[in-house]
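Only this structure's heavy atoms are used, side chains among them; waters, hydrogens and symmetry mates stay out.
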Amino acid sequence: MRDRRVALVWAAFVVVALVSCVLVLRRDDRLSDLHIYYGALSDLHAGRPLYEFKAANGGPFTYPPFAALVLGPITAVSEGVLQGIWLVATCAAVVAVAGAVGVALTTRQSRRSLVVAVAATVLMLSAPVQSNLRFGQVSIFIVLMALLDGMGVVPPRLRGMLVGVAAAIKLTPLLFVVYFVATGRYRDAGRAVATFLACAALAAVVLPGESWTYWTEAVRQTSRIGNLASLGNQSVHGMLLRVGVDEATLPLLWAGLAALVCAAALLRARQLTVEGRPGHAAVLVGCATVAASPVSWTHHQVWPVLAAMLLIGASGVAQRAAGVALLAAMVVSLGAVLSPVSARPGVQFLFENARAIGVCLLCLVGFGGVAVAATRTARRPAGGRGWLRVGVTATVAVAFFAVQPLPAGADPTFKAYALDDVVNPRYFFVCRGPVECAAYGTDAPVTFGTRAEKTKVRVNGVVSPQVTRLEYFSAPGGAPRAIPLLDAYPGSRTFSFRSASMAQGRLVAYASDGQPIASYDEELAAALRTSTR
């Protein structure tokens with residue numbers, strides 16, 4: 001019976017993998033990151049600078065130069081063939097990662113085969129693995145190398161080397177070096193550092209110009225990676241950007257929170273290692289890299305999926321409930337799915353940042369701590385109280401966010417349109433042309449309209465001559481957004497911008513002396529209600 005269940009689960013995995021790969025190959029923008037690797041390395045082989053490459057979508061090559069050496073052979077085949085090979089390799093890496101999870105979850109060989117099959121299928125359904133497939137990313141391979149090395153399943157004389165190679169391709173696994181030191185694996189830490197330096201040195205010899213460019217310039221240019229405030233970046237840094245933290249405060253606050261998360265995770269990981277659970281420890285350290293990195297796109301977030309499965313496989317109501325909640329956040333986008341019921345910006349912020357918040361809580365709790373204390377009472381006869389406690393805690397958490405004046409994602413979709421966009425009727429709809437705009441020449445400082453769409457709200461209008469500056473606040477206490485005033489037509493100035501939500505929005509007009517002369521908040525909400533009828 002067990003063998004039959006295992007076969008059925010593996011059949012489900014194959015179906016999900018095949019369907020996922022077919023859907024990826026049918027996309028016009030399929031494996032766009034792999035396309036960047038291919039194009040950048042083709043340029044490099046043709047003698048052009050690696051870090052000056054820009055794909056059709058504007059994407060540059062962002063990895064250390066050693067990654068170019070590792071990925072160099074991919075140009076030996078056509079890009080179409082490479083795409084097929086990459087998808088198969090990604091699916092194989094998912095199976096290997098699931099095998100490591102099976103080792104961490106159970107010591108019984110008879111049960112492990114079923115656990116591995118279930119873990120592989122769940123991984124394949126998760127957003128991070130689907131993102132790896134869609135973009136043709138290296139992240140799943142980085143996770144696999146760091147996980148195997150962190151668990152200590154490689155031969156003793158080679159331990160630490162996989163982390164060194166992984167960090168030379170992508171820097172975030174360097175946190176595992178600190179983990180090795182914290183757990184007394186000093187030789188492994190030494191091998192990891194030596195391997196990392198050796199890989200960087202090899203790249204410097206083969207690619208001296210690219211190495212100089214990367215280590216002196218590109219490594220600090222996080223803007224090359226994309227818009228770090230977008231919802232795809234589920235790191236502490238990304239969440240702080242969406243909150244609207246002041247630019248002067250952001251670096252120090254982010255560094256402090258990242259240090260706290262990493263320290264808590266490392267301390268707990270050391271305890272887990274002593275308890276004989278190196279798999280849990282390695283996954284916890286991996287989750288800390290997701291939380292602490294300046295950028296953690298969806299394809300980086302394989303670690304929290306593994307953590308969710310380890311929690312579900314634990315004993316105790318609280319840990320299993322936390323695992324289910326975290327897994328739900330990693331499989332679906334709660335911000336998009338639950339937006340119809342998030343009447344408050346704070347609740348929407350919770351949904352949109354559920355992955356970042358979940359990973360931070362996981363690192364701070366660390367597969368134990370509060371969860372362990374909760375499960376002690378769950379093991380007593382009155383174990384039903386565990387579910388009650390979890391429900392009350394969840395209700396209190398949602399209620400807390402419900403009363404917060406947080407912006408809905410702090411407008412990761414915000415954009416103020418420029419003069420070149422005036423011709424687009426989707427962006428400028430209140431007045432189109434000099435005659436219509438001149439008709440708005442009233443005494444009101446600002447005359448505007450709104451239009452609601454599925455994931456954003458658009459606002460545009462005209463301003464009177466007395467207005468010299470226009471700003472939009474997405475929420476009380478948030479940083480203002482400057483709205484350009486466009487001399488689109490003679491005798492009138494127009495503006496247009498989009499925002500995630502108007503629930504807490506406020507538009508403020510200023511005179512030439514810098515003093516506010518008009519403020520619109522209730523009017524924004526009223527106009528929005530009218531536009532949605």
Is there a side-chain contact between [X] and [Y] (heavy atoms, below 4.5 Å)?
X	Y	answer
His237	Val295	no
His280	Glu275	no
Leu362	Pro304	no
Val302	Ser139	no
Thr289	Pro173	no
Arg355	Thr298	yes
Gln319	Ile312	no
Leu202	Val206	yes

Atom pair [atom1]/[atom2] of [X] and [Y] - distance to nearest 0.5 Å:
X	Y	atom1	atom2	answer
Ser20	Gln130	OG	CD	3.5 Å
Ser235	Gln301	OG	CD	9.0 Å
Leu266	Leu175	CG	CG	5.0 Å
Leu147	Leu306	CG	CG	6.5 Å
Ser211	Phe66	OG	CZ	11.0 Å
Glu210	Leu69	CD	CG	10.0 Å

query: Should Leu171 and Val219 be marked as a side-chain contact (heavy atoms from CB on, under 4.5 Å) after you check the CA-CA gap, both sets of side-chain angles, and the distance that decides it?
result: CA-CA 10 Å; Leu171 298 177; Val219 71; 3.9 Å; yes
If you take all heavy atoms of [X] and [Y], which pair is closest and at what distance?
X	Y	answer
Ser293	Thr172	OG-CG2, 3.7 Å
Ala168	Phe196	N-CD1, 3.6 Å
Ala265	Leu284	O-CD2, 3.5 Å
Gly102	Arg112	O-NE, 3.7 Å
Cys91	Leu133	SG-CD2, 4.3 Å
Leu310	Gly279	CD1-O, 4.3 Å

With distance as the sole test, does [X] use its side chain to make a donor-acceptor pair with the main-chain N or O of [Y] at under 3.5 Å?
X	Y	value
Asn132	His299	yes
Asn233	Ser296	yes
Gln234	Glu352	yes
Arg30	Arg27	yes
Arg191	Met161	no
Ser131	Pro128	no
Asp149	Val163	yes
Asp188	Phe180	no

field: CZ (Arg48) with more than 12 external heavy atoms under 6.0 Å
entry: yes
field: Worked check of side-chain contact (heavy atoms from CB on, under 4.5 Å) between Trp297 and Val290
entry: CA-CA 9 Å; Trp297 301 126; Val290 173; over 6 Å; no
Tell me whether the centres of the aromatic rings in [X] and [Y] are closer together than 6.0 Å.
X	Y	result
Phe141	Trp86	yes
Tyr51	Tyr214	yes
Phe176	Trp303	yes

Partner of Val97 by side chain to side chain contact (heavy atoms under 4.5 Å, CB included), out of Val305, Leu148, Leu123: Leu123
statement: Checking Phe53, Phe135, Tyr63 against Tyr37 for ring-ring contact (aromatic ring centres under 6.0 Å, His included), the one that qualifies is Tyr63
task: Check the pair Asp29 / Arg134 against side-chain contact (heavy atoms from CB on, under 4.5 Å), numbers first and verdict last.
output: CA-CA 9 Å; Asp29 60 342; Arg134 174 185 171 186; 3.8 Å; yes
message: Working note: Leu327 + Val122, criterion side-chain contact (heavy atoms from CB on, under 4.5 Å); need CA distance, chi angles, decisive distance, verdict.
response: CA-CA 9 Å; Leu327 186 60; Val122 172; 3.7 Å; yes
- prompt: For residues His45 and Thr75, is any side-chain donor paired with an opposing acceptor at under 3.5 Å?
  reply: yes
